[in-house]
**Student:** 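After the structure tokens below, expect a handful of questions from me.
Just so it is clear: chains get the letters A, B, ... in the order the sequence lines come, proteins before strands, and each one is counted from 1. Quick caveat: nothing in here was measured; it's all calculated off a predicted structure.
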Amino acid sequence: MGTSLDIKIKRANKVYHAGEILSGVVVISSKDSVQHQGVSLTMEGTVNLQLSAKSVGVFEAFYNSVKPIQILNSTIEMVKPGKFPSGKTEIPFEFPLHVKSNKVLYETYHGVFVNIQYTLRCDMRRSLLAKDLTKTCEFIVHSAPQKGKLTPSPVDFTITPETLQNVKERALLPKFLIRGHLNSTNCVITQPLTGELVVESSEAAIRSVELQLVRVETCGCAEGYARDATEIQNIQIADGDVCRGLSVPIHMVFPRLFTCPTLETTNFKVEFEVNIVVLLHADHLITENFPLKLCRV
Amino acid sequence: MSEKVRTRLEELDDFEEGSQKELLNLTQQDYVNRIEELNQSLKDAWASDQKVKALKIVIQCSKLLSDTSVIQFYPSKFVLITDILDTFGKLVYERIFSMCVDNRSVLPDHFSPENANDTAKETCLNWFFKIASIRELIPRFYVEASILKCNKFLSKMGISECLPRLTCMIRGIGDPLVSVYARAYLCRVGMEVAPHLKESLNKNFFDFLLTFKQIHGDTVQNQLVVQGVELPSYLPLYSPAMDWIFQCISYHAPETLLTEMMERCKKLGNNALLLNSVMSAFRAEFIATRSMDFIGMIKECDESGFPKHLLFRSLGLNLALADPPESDRLQILNEAWKVITKLKNPQDYINCAEVWVEYTCRHFTKREVNTVLADVIKHMTPDRAFEDSYPQLQLIIKKVIAHFHDFSVLFSVEKFLPFLDMFQKESVRVEVCKCIMEAFIKHQQEPTKDPVILNALLHVCKTMHDSVNALTLEDEKRMLSYLINGFIKMVSFGRDFEQQLSFYVESRSMFCNLEPVLVQLIHSVNRLAMETRKVMKGNHSRKTAAFVRACVAYCFITIPSLAGIFTRLNLYLHSGQVALANQCLSQADAFFKAAISLIPEVPKMINIDGKMRPSESFLLEFLCNFFSTLLIVPDHPEHGVLFLVRELLNVIQDYTWEDNSDDKIRIYTCVLHLLAAMSQETYLYHIDKVDSNDSLYGGDSKFLAENNKLCETVMAQILEHLKTLAKDEALKRQSSLGLSFFNSILAHGDLRNNKLNQLSVNLWHLAQRHGCADTRTMVKTLEYIKKRSKQPDMNHLTELALRLPLQTRT
């Protein structure tokens, strides 16, 4: 390939906030000089909603995907038709991140049924003989910090055979007592989820203790709404038969892109939960669920 | 997810499963190889910019550390895998570091996070996020620990916040063995990256104590039953990791911390394992001063748990380095040995005993050492157990030798020689003998005649000597000879010369296979003869004369058994001189005759340090030396005048010299010097009480005539040779030989003799004839002649100088 097109965003982490100016350079490099019909740069931001097969059926899921919601769409002409000299040409650009009055710049989020994505696309139109060149590049939007002070909401929990729901034969369960606490279920997205867990006693040997981070996505549409919970990640915090009475730290970093501040709009919702999963020998699985509220400060 | 990404992830998954499966059912060596392969593929992946694959490999490797299915292999596995982790940590760090380097500046070693640029920080952050999302606890822990150093790019406090978190994280590891090794790794990385952060080290230690009870819990016990591993072989698996942790903590730690740690270990039941690590990691002084406490604690330990001999071994190691209080010393030894002597397994026993020998030697007398040695012999003799423990037994010997510098004391330790008898494998025995001899040479100050030492060491030396065979390397022989010679030199019976000689006779029969030893013996005997002469102030009595003749005879019959030709020649000459000095004239003649008859055997090339060299220069050197001796050797009354010189000349004449060498002529020139010296009225030097030819003949004209005849023959030879050098390529040689002959005549000849005078003038011209002569030398020579002519009785030189023209430069 003779000619290549590249977009370089100025910030290394590609993170921008509403109202800021997105800047960078478009780099055109070629051995020979390049003839073109103009170069344009498009900034796009969309929310893609997908209905799950489970809630609406396969066909509907396929056809009825809800129309994407456009948050941003603007194009600028960078270079008029002409010619680039051989070598490397860098064209700087600046894009103010402004939204129309009635829209909100949601935070970037990559989910299963809800996807919020922002891209920059550079197009170089060329004559009939040469193909047009396109380069897309994702940038990341962080929502503005929430106002007001975050109130920590610690949760203590105790898990015993008696506290469990959905048990078929409670008598068959081995005896155990697991205690612990989460420092807060109101979490700052940049800070890890922390807490402690103590296996006070357990008849059966412990096989593993895991933290399961779950996203709950709700999409509203004409026929009602679909609510789906799917796993984002599963982090093991204890492996094997841990020492009794010794606290094991609960620590989980929220993954970037796959989490965002808890979001509630008229069309869709993105919420998060964490499950503490204890696996005992003889395949007993104990789960305790905690809804989380994520925010950015 | 795009198609491309998907296939790539699938490929990686394949890799993951493949490697996991393959690692089952492998032999230890295969396993090691496999891990080495993983290490290589990590480097390859990194080099080919497949960072994600590299991470996958590292995760895969650290996952292996959660597997304890072959528990005895776990420590080795830990070492192998942490090695890979180290590689990975280094790669990541260096890459991020290189991102901070732009064309203008390089990041200093102690940089602060502000110096790192955004791209580097972002990459670094990315690694940490990726690692934070690793599902399993153990890989997540290890991989994060391996790149701990990278926190330096992100924040100043990064490492100090990370370490406590990682320390806590280990609490989640259920298996106590896996967790203690994880702690060891964290301590290691921590010490490397941030040695000032001691807090986490202590936290690791105390956390470990909290989980200590797990070792005796059901889960571990069940596992041991399944794998058929006994507790005494399971517990020592903890030691390497614990020793490391303990060592990190105790390094430069205040006494109070150590005391606290020890107190906490004491409180836990069944703490032999802890005790052992305390003893191996803490300062030896700390342990030594509390030896009695430790012995008490060791005694209280449960028999079924950690092997006691290991505990005593650890204690012994400390006592070898630091001294316990004076008052406790004997009690410590008694208490310890009481237990050690009861050990049934010879291997356990010897490992422990070996360490305690050092302590015994340091603080006690030969009596205790003897007891200890006796005990070792008693334990190691049944079923030839010593055969499996040669290294330990060797160590014991070395320690004993190191402490007993006085060999008379050493050999009076009754059990020392019986102890040596345990070394039945020859190679080991020779090694031990060498050690003993080295120590003797190093520490023996005074010559000795102590029969105990002599007997024992002769035996030791004989053992070394007898190990020599056709396959023994030259170096080895040299070493053995050096050691035996060292011994021989140290033996002295004082004024009892007869005894001394019979010792040399005995030695000769014992060490006949080592030439350097025989050479040493000949020198020693010669020295003995000269000592005798000195004692008698040159006047031998009938008895001493006989003794001296015995010495001479000793040399005369020993020399022929040597192989080195120049060794023989030089020894003949040397011994001849000694014989002469002791007025054994006919013996001296015999030596010189032997030397003369040996000369034709001198080969053209001889082996020197493994290289073949021409021998002529050595022969030349020897002959010059010989001539100086011949000056004072009186003629035998029954042989003709100068018979030795004549014989020597015949041999030189017949010897096949190198074609292109002038050595023969050089020798002849030397002979001329000798003959000139012989014609003097009184010789330059004499041997006391030996009448040389000057006093024998008293300048008799017949003698002088013989002498002159000889001179003429030799000079004719020289001139003949000079003639053959008249060819182009040899002109230079002709010139220099001519000049040297001229110089000889100048120095030794009587130039008032017209013939000689004319000859010297001719030689002068010859030297200059073809312009080969060095003008400066010629000028100097001429100046010298002029200077000498000014001395009294040297007027004739003035005339000579006039006849010696200097060649012009043109």
Side-chain angles (χ1 to χ4, degrees), chain A residues 8-15 110 112 115 136 140 180 190-199 202-213 231-259 277-281, chain B residues 1 62-63 65-68 99 116-126 128-141 144 161-162 164-179 182 206-215 217-223:
Chain A
K8 279 189 182 154
I9 294 176
K10 197 174 170 197
R11 289 188 190 166
N13 57 6
K14 300 183 179 176
V15 174
H110 293 194
V112 180
N115 253 304
T136 1
I140 293 153
T190 51
Q191 302 290 321
L193 171 75
T194 53
E196 272 185 344
L197 178 140
V198 186
V199 180
S202 168
E203 276 181 0
I206 311 273
R207 219 158 71 183
S208 174
V209 181
E210 287 155 22
L211 297 175
Q212 189 184 35
L213 182 64
E231 179 185 300
I232 302 174
Q233 67 175 12
N234 194 342
I235 296 290
Q236 189 185 37
I237 57 166
D239 180 19
D241 200 14
V242 289
C243 189
R244 305 291 184 264
L246 187 70
S247 67
V248 172
I250 291 175
H251 182 98
M252 178 165 67
V253 177
F254 293 110
R256 297 187 294 188
L257 302 179
F258 301 108
T259 51
V277 183
V278 180
L279 275 157
L280 299 180
H281 263 281
Chain B
M1 209 167 7
S62 18
K63 235 184 233 177
L65 284 175
S66 56
D67 169 29
T68 51
M99 291 172 121
N117 64 28
D118 285 349
T119 328
K121 276 183 184 159
E122 188 56 26
T123 316
C124 193
L125 213 54
N126 232 332
F128 281 113
F129 268 108
K130 246 178 228 160
I131 291 165
S133 67
I134 295 172
R135 209 191 87 80
E136 280 163 278
L137 173 67
I138 290 169
R140 192 168 68 244
F141 164 78
E144 181 166 359
E161 283 161 6
C162 226
R165 184 170 55 74
L166 287 171
T167 307
C168 273
M169 200 166 154
I170 299 174
R171 289 178 166 201
I173 300 175
D175 189 310
L177 187 67
V178 176
S179 107
F206 294 129
D207 269 6
F208 170 71
L209 292 188
L210 288 175
T211 58
F212 185 70
K213 56 178 186 270
Q214 275 185 292
I215 294 174
D218 291 341
T219 316
V220 172
Q221 297 302 325
N222 292 343
Q223 194 189 9

**Student:** Side chain from CB out, backbone as N, CA, C, O: work out which of these in B:N126 comes under 4.5 Å of a heavy atom of chain A, or both, or neither.
**Tutor:** both

**Student:** B:R171 side chain to A:S247 main-chain N or O, any donor-acceptor pair under 3.5 Å?
**Tutor:**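 It does hold such a pair.
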
**Student:** Has the side chain of B:Q214 got a donor or acceptor atom that lies under 3.5 Å from a matching backbone atom of A:D241?
**Tutor:**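 Here the side-chain-to-backbone pair exists.
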
**Student:** Measuring only between side-chain heavy atoms, which start at C-beta, is B:K213 closer than 4.5 Å to A:R244?
**Tutor:**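 In short, these two side chains do not touch, never coming nearer than 4.5 Å.
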
**Student:** Considering only heavy atoms, which portion of B:I170 lies under 4.5 Å from any heavy atom of chain A: side chain, backbone, both, or neither?
**Tutor:** neither

**Student:** Any non-hydrogen side-chain atom of A:Q233 less than 4.5 Å from a side-chain atom of B:R135?
**Tutor:** no

**Student:** Which heavy atom in B:F129 sits nearest to a heavy atom in A:F254, and how many Å separate them?
**Tutor:** CE2-O, 3.6 Å

**Student:** In terms of heavy-atom contacts, does CZ of B:F128 have more than 12 from other residues, nucleotides or ligands at under 6.0 Å?
**Tutor:** yes

**Student:** Within this structure, what is the CG-OG1 distance for the pair A:N13 and B:T123, rounded to the nearest 0.5 Å?
**Tutor:**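 These two atoms lie 11.0 Å from each other.
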
**Student:** Given B:T211 and A:L246, is the side-chain contact (heavy atoms from CB on, under 4.5 Å) satisfied, shown in steps?
**Tutor:** CA-CA 8 Å; B:T211 58; A:L246 187 70; 3.4 Å; yes

**Student:** State, to 0.1 Å, how close B:L137 and A:A238 come at their nearest heavy-atom pair, and which atoms those are.
**Tutor:** CD2-CA, 3.9 Å

**Student:** Sort B:S66 into side chain, backbone, both or neither according to what part of it lies under 4.5 angstrom from a heavy atom of chain A.
**Tutor:**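 Contact with chain A: side chain only.
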
**Student:** When heavy-atom pairs shorter than 4.5 Å are enumerated against chain B, which of A:V248, A:D239, A:V199, A:V209 gives the highest number?
**Tutor:**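 Winner by heavy-atom pair count: A:D239.
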
**Student:** For A:R256, is there an ion pair with B:E122 - N to carboxylate O distance below 4.0 angstrom?
**Tutor:** yes

**Student:** Out of B:M169, B:K130, B:R140, B:E136, which one racks up the most heavy-atom pairs below 4.5 Å with chain A?
**Tutor:** B:R140

**Student:** Please find the pair of heavy atoms, one from A:V242 and one from B:G172, that lie closest to each other, and give the distance.
**Tutor:**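 Heavy atoms only, the tightest pair is CG1-O, 3.2 Å.
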
**Student:** How long is the straight-line distance from CD1 of A:I237 back to CD1 of B:I173, given to the nearest 0.5 Å?
**Tutor:** 12.5 Å

**Student:** How close do A:P249 and B:C168 get, heavy atom to heavy atom, and via which atoms?
**Tutor:**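 Smallest heavy-atom distance, with atoms named: CD-O, 3.2 Å.
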
